[in-house]
Amino acid sequence: MPTTDPDPALRLPAIRVACPACGARPGDLCTSHGGSRRRRHDVHQARTQALRSDDRR
C-alpha cells in the first residue's frame, strides 16, 4: 500500500524562505483564511517570488 504525503508543500523549494503573504516562517506551511487553514499542497506566489529573489543574492 503506497504512503501518501499529508503535506506535500513541505517538499517545495520555496518552503525554505519566509512567506511575505501570510507570515509563515521558513520551514512552516503557508496559511489561508486568516491563519485558520494550512496550505498543505502549495505555497503563496509571493513566497515563490521571495525564493527567487533570495537565490539571486
Between C22 and H44, does a side chain to side chain contact (heavy atoms under 4.5 Å, CB included) hold up when you go through it step by step? CA-CA 8 Å; C22 68; H44 288 107; 3.7 Å; yes
Okay, side chain of D5, backbone of D7: is any donor-acceptor separation there less than 3.5 Å? yes
Checking the side chain of R47 only, and the main-chain atoms of V17 only, is there a donor and an acceptor separated by less than 3.5 Å? yes
Going from SG on C19 to CD on Q49, what distance comes out if it is rounded to the nearest 0.5 angstrom? 10.5 Å
How long is the gap from OG1 on T48 to CG on L12, to the nearest 0.5 Å? 7.5 Å
What pairs with A18 under side-chain contact (heavy atoms from CB on, under 4.5 Å), at least two apart in sequence or on another chain? P26
Where [X] and [Y] come nearest, the two heavy atoms and their spacing:
X: R38; Y: L29; value: NH1-CD1, 3.5 Å
X: L10; Y: G27; value: CD2-O, 3.7 Å
X: A21; Y: A46; value: CB-CB, 4.2 Å

Take V43 and R39 through the test side chain to side chain contact (heavy atoms under 4.5 Å, CB included) and record every step on the way to the result. CA-CA 7 Å; V43 296; R39 292 179 65 135; 5.9 Å; no
